Amino acid sequence: MSGKAGQGSTAAPHAALYRTYRPHAFDEVRGQEHIVKVLESAIEKGAIGHAYLFAGSRGIGKTSIARIFAAAIGCQDADLHEIDAASNRGIDDIRELREGVHALPFASPYKVYIIDEVHMLTKEAFNALLKTLEEPPAHAVFILATTELHKVPDTIRSRCEVYLFRQPSRQLLAETAIAVAKEEGRTLEPEAAELVALLAEGSFRDALGILQKSLTYAEGKTVSRADVETVSGAPASELVLAILTGLAARDLDAALGSVREASEGNMDARVLAKLLMHSLRAVLLARYVPRSAASLDDEFGAETGTALRALAKEPGITSDTLRAILEAYEGMAYAALPFIPLELALIDLAAPEAAAA
């Protein structure tokens, strides 16, 4: 993700932020310094490999770094070939690639082939690609990218330099969202940036997608947490606090009532559970690591931060509470009705028989 400012003002009016602010040079990449250093060193020493495999979750810069690397080794647009393996996954597609790979570059020292979502190739296509990777022409460089490394055959992996991309931290995502909003002439409040980062689940692309909707929706120059909640479908802070307050008081009716409100409002059950976990973690840290309580206002806003500090004093919130919500979150991926695991967790935590136990 780019850390370089000044691109927003020249962008097309409706350009996607993740396209406008994607990095175009190694010094603009954020969060993947361990990879950038190795690639820059290889270029400096002239030690260019014939095949690279970039692995990591979505939206963290694999394709952007592949393009930067291609440009850095002198590959011009005419000699850069990008293939989406999700839609070009058959053996005929790879055969076509093999036929063209031996032709000399038009105007570059290298022809670079970027194959995105390479794990989507068929078994036959992988076998055909393997033959090319075993004996590539000197001018060919392959950069394979995948979000599911375990689906790439060992025979392919063993012939590539494998680079594991790291998910950016929430802090880095929040800082990036604030910086991009500033470039767009807006102010993203810190607690709004924290929510953007949380919802993005480690993806720069998703963070900027949420930010773009928030910038479009918000009135005035400032984007608040409430704006982000509205455009993302995330439950309001008050709803999350109502559930936690119900748990602390073992008031099952109040806790389940708030979940029902979320369901009737068509809120995402997994987002609700994630925000509950986020808040519960903050409560427990405020209790057991008191110095962390000071940062709650920046992370959640002053009003919510005060409420979370108060919950930290309530014995009804324990590590078992967080553990139960975590298990509910994991179960939602398989539940026919996504709110059921959360409701069951609340019943186990706050029902009268749970208190007696």
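Not measured: the values here are computed from a predicted model.
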With sequence neighbours excluded, residues passing ring-ring contact (aromatic ring centres under 6.0 Å, His included) with F26: none

Which pairs would a plain distance check flag for residues 44-54, meaning a side-chain donor or acceptor within less than 3.5 Å of a matching protein atom at least two apart in sequence or in another chain?
from : atom 1 : to   : atom 2 : distance (Å)
H50  : NE2    : L133 : O      : 3.1
Y52  : OH     : G49  : N      : 2.6

Do any side-chain atoms of residues 232-246 form donor-acceptor pairs under 3.5 angstrom with protein atoms, and if so which ones, sequence neighbours left out?
from : atom 1 : to   : atom 2 : distance (Å)
S232 : OG     : V228 : O      : 2.7
S232 : OG     : A234 : N      : 3.3
S237 : OG     : R225 : NE     : 3.0
S237 : OG     : E229 : OE2    : 3.1
T245 : OG1    : L241 : O      : 2.7

Pair listing, ring pair (Phe, Tyr, Trp, His ring centres under 6.0 Å) test, anchored in residues 241-285, at least two apart: H278-F300

Contacts of H34 that satisfy ring-ring contact (aromatic ring centres under 6.0 Å, His included) - sequence neighbours left out: none

Closest approach of L346 to L252 (non-hydrogen atoms, all atoms of both residues): O-CD1, 3.6 Å

Polar side-chain atom of K62 near backbone of S57 as donor-acceptor pair, under 3.5 Å: yes

Residues which pass ring-ring contact (aromatic ring centres under 6.0 Å, His included) with H119, listed by chain and number, not counting sequence neighbours: none

Whether R186 side chain and A181 backbone form a donor-acceptor pair below 3.5 Å: no

Let me check something: any side-chain donor-acceptor pairs from residues 189-199 under 3.5 Å, sequence neighbours excluded? List them with distances.
none

With sequence neighbours excluded, residues passing side-chain hydrogen bond (donor to acceptor under 3.5 Å, both in side chains) with D79: S108

Could you pull out all donor-acceptor pairs under 3.5 Å where a side-chain atom in residues 257-269 meets a protein atom, sequence neighbours excluded?
from : atom 1 : to   : atom 2 : distance (Å)
S258 : OG     : A254 : O      : 3.2
D268 : OD1    : R270 : N      : 2.8
D268 : OD1    : V271 : N      : 3.2

Nearest non-hydrogen partners of T122 and I91, listed with the distance: OG1-N, 4.2 Å

Hydrophobic cluster identity match, L326 and L308, side-chain contacts under 4.5 Å: yes

Residues in ring-ring contact (aromatic ring centres under 6.0 Å, His included) contact with Y110, at least two apart in sequence or another chain: none

With S224 via side-chain hydrogen bond (donor to acceptor under 3.5 Å, both in side chains) - residues at least two apart: D227

Within 6.0 Å of CZ in R281, more than 12 heavy atoms from elsewhere: no

Atom pair CG/NZ of L208 and K213 - distance to nearest 0.5 Å: 12.5 Å

Flag if over 12 foreign heavy atoms under 6.0 Å of CD, E303: no

side-chain hydrogen bond (donor to acceptor under 3.5 Å, both in side chains) against E330, all qualifying residues, sequence neighbours excluded: none

Salt-bridge criterion met for E117 and R89 (N-O under 4.0 Å): no

